[in-house]
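In what follows, every heavy atom counts, from backbone to side chain, and hydrogens, waters and symmetry copies are set aside. Both ligands and their constituent atoms are indexed starting at 1 by order of listing. From a predicted model like this one, the values you see are computed outputs, not experimental measurements.
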Amino acid sequence: MAVSDHVDLPTFMEGVRKRNPHQPEFVQAVQEVAEDIYEFIEDKEEYHAQQILRRIAEPDRVVSFRVCWEDDNGNIRVQRGYRVQNNNAIGPYKGGIRFHPSVNESVLKFLAFEQTFKNALTGLPMGGGKGGSNFNPKGKSVREIMRFCQSFMTELYRHIGADVDVPAGDIGVGGREIGFMFGQYKRITNQFTGVLTGKGLEYGGSLIRPEATGYGAVYFLANMLATKGEDLVGKTAVISGSGNVATHAAEKIVQLGGKVLTLSDSGGFVHDPDGFTQDKIDWVKTHKTHRRGRIQDYVEAFPKATFHEGKTPWGVPCDVALPCATQNELLGEDARTLVANGCKALAEGANMPTDLEGVHVFKAARLLYAPGKASNAGGVAVSGLEMSQNSERRAWKEEELQQMLKDIMFGIHQSCLTYGDQGGGYVDYVKGANIAGFKKVADAMLAFGVV
Ligand code: NDP
């Protein structure tokens with residue numbers, strides 16, 4: 001008779017650490033999810049017997065490949081490319097492509113693992129994946145970026161497809177890079193399919209995709225505040241990052257009546273005591289995205305602001321906070337500072353920006369705290385809607401998509417309440433998101449048997 005491998009959480013995590021040496025980000029992401037899932041499956045023998053969590057924490061496959069390209073000076077450059085296909089139990093693999101020097105297997109495995117739960121939470125049929133390269137787009141000419149994207153896709157194309165795996169953008173990959181990669185895919189395969197999302201509107205992209213992650217995070221924040229009878233009007237917000245997610249989160253905060261005090265980049269943060277208006281946010285978008293400039297230049301354009309070199313913005317007192325830059329940018333100490341300064345709510349725009357210690361601080365303080373897999377799911381949700389539009393060969397109107405995004409974020413919030421309500425007015429959104437995402441994927445896996 002088969003005996004179920006019903007190991008306890010520390011033993012399970014010991015195994016994860018052993019099987020994934022030198023992959024701290026991946027181990028951290030699994031630990032955060034396993035803490036909640038272990039409690040949930042305590043009395044559910046089937047999940048144990050079928051080793052469901054162990055299987056979700058083992059990617060279906062990790063593809064690693066060489067990417068050669070030639071720079072403008074004729075030098076041959078060699079980068080490493082990856083695609084991590086974590087789980088396709090509920091739909092084709094789906095998740096962004098990141099170009100950043102910090103990209104390695106651990107980072108992409110953590111992102112693909114998180115993406116699996118996030119995509120399930122949206123209610124759309126999408127599995128979890130993630131990819132990228134240690135290529136650094138900073139300081140590269142447009143033609144160098146084009147050559148790199150083409151070389152990257154020359155290998156990636158054989159692992160993806162509209163019903164197989166549908167990548168999108170992420171850090172360092174915006175509309176321009178998606179265009180270069182889509183062009184190369186089409187050239188190699190001679191097929192025009194919805195194989196990437198985040199495409200330009202002229203060739204199958206969806207309205208509001210660029211705005212969706214930041215806007216969605218703010219909708220989620222507003223949903224959390226509403227459980228306390230509050231809204232964003234007059235609230236001060238501290239935001240990190242100055243890329244796609246951060247600038248659109250800032251824009252939506254301003255639209256809903258809040259005041260944004262900070263934005264940042266890897267060089268430090270800018271504090272504008274007068275608040276970032278739409279004009280100032282537009283300046284940041286143009287400066288950071290189109291001119292590839294530094295956030296510190298903001299203080300020359302708007303002299304009342306101050307620049308804080310090498311610092312993160314978590315020491316600036318605020319009502320709400322949105323970390324929108326990168327993983328592990330908000331540590332335990334920062335979390336304690338935010339709580340001590342009276343921060344009421346925090347929604348993660350980035351993936352895993354808060355370290356485990358910080359997560360525990362927020363939980364202990366009973367903060368309204370949304371993990372990225374719930375609050376930043378708006379981007380992939382609209383990517384899912386882009387896939388639907390591509391399949392139908394039509395384009396929905398902006399108002400329709402705005403409403404769908406709001407409804408999806410509301411639905412994710414409801415799912416978190418279902419599994420995260422701890423009574424006494426406290427909702428553990430981390431637990432709610434982990435369990436709701438896990439249950440959907442796990443139940444599909446049970447239906448497939450041992451595969
Ligand atoms: P962008 O490339 O547009 O912007 C990234 C921003 O983060 C830049 O301001 C960058 O500064 C800053 N940053 C990057 N690394 C660091 C670092 N080590 N320390 C401090 N700041 C840093 O990326 P996105 O806005 O698209 O992505 C931001 C986060 O949101 C990521 O975690 C991503 O995974 C997540 N996300 C994105 C989605 C999307 O739709 N784009 C969807 C869901 C999640 P600098 O210019 O100096 O590098």
Checklist entry - What do you reckon, does K138 put a non-hydrogen atom under 4.0 Å from ligand 1? => result yes
Checklist entry - In terms of side-chain geometry, is the basic nitrogen of D72 or R147 positioned less than 4.0 Å from the acidic oxygen of its partner? => result yes
Item to check | Ring centers of F152, Y82 separated by less than 6.0 Å | outcome: no
Next on the checklist: For atom 6 (C) of ligand 1, what is the closest protein heavy atom, and at what distance to 0.1 Å?
Outcome noted: G243 N, 4.1 Å
Checklist entry - Is a salt bridge present between K285 and E251, judged by a nitrogen-to-oxygen distance below 4.0 Å? => result yes
Checklist entry - Can the positive tip of K140 be found less than 6.0 Å from the middle of the six-membered ring of F135, inside 45° of the ring normal? => result yes
Checklist entry - What part of C324 sits under 4.0 Å from ligand 1 if we count only heavy atoms: the side chain, the backbone, both or neither? => result backbone
Checklist outcome for this item: The atoms of ligand 1 lying under 4.0 Å from a heavy atom of R98, numbered in the order shown, are 31 (C), 32 (O), 33 (C), 34 (O)
Item to check | For atom 21 (N) of ligand 1, the option (of G172, A381, S266, G174) bearing the nearest heavy atom | outcome: S266
Next on the checklist: With rounding to the nearest 0.5 angstrom, report the CD to CE distance, E25 to M352.
Outcome noted: 6.5 Å
Next on the checklist: Counting only nitrogen or oxygen atoms and a 3.5 angstrom limit, does L111 reach ligand 1?
Outcome noted: no
Next on the checklist: Below 4.0 Å, non-hydrogen atoms only: which portion of Q327 touches ligand 1? Side chain, backbone, both or neither.
Outcome noted: neither
Next on the checklist: Could you work out, for atom 13 (N) of ligand 1, the closest of A325, P210, S240 by heavy-atom distance?
Outcome noted: A325
Checklist entry - Heavy-atom contacts under 4.0 Å between E329 and ligand 1: side chain, backbone, both, or neither? => result neither
Checklist entry - Is it the side chain, the backbone, both or neither of T213 that has a heavy atom closer than 4.0 Å to ligand 1? => result side chain
Item to check | Distance under 6.0 Å and angle within 45° of ring axis: K439 vs Y419 | outcome: no
Item to check | K288 neighbourhood, listing ligand 1 atoms whose heavy-atom distance to it stays under 4.0 Å | outcome: 45 (P), 46 (O), 47 (O)
Next on the checklist: So, using side chain to side chain donor-acceptor pair (under 3.5 Å) as the criterion, who are the partners of E348 when residues are at least two apart?
Outcome noted: T354, Y369
Checklist entry - Any idea which atoms of ligand 1 are less than 4.0 Å away from a heavy-atom of N376? => result 43 (C), 44 (C)
Item to check | Closest to atom 10 (C) of ligand 1 (judged by heavy-atom distance), picking from D265, N351, T247 | outcome: D265
Next on the checklist: Within the structure, is a non-hydrogen atom of H100 found at a distance of less than 4.0 Å from ligand 1?
Outcome noted: yes
Item to check | Side-chain ion pair, R98 and D170, N-O less than 4.0 Å | outcome: yes
Next on the checklist: Under a 4.0 Å threshold between the charged nitrogen and the carboxylate oxygen, would E333 count as salt-bridged to R336?
Outcome noted: yes
Item to check | Sub-4.0 Å heavy-atom approach of S264 to ligand 1 | outcome: yes
Item to check | Parallel, tilted or perpendicular: rings of F269 and H308 (30°, 60°) | outcome: parallel
Next on the checklist: Once you restrict to heavy atoms under 4.0 Å, what part of R209 touches ligand 1? Side chain, backbone, both or neither.
Outcome noted: side chain
Checklist entry - What do we get for S102 next to ligand 1 when only non-hydrogen atoms under 4.0 Å count, side chain, backbone, both or neither? => result neither
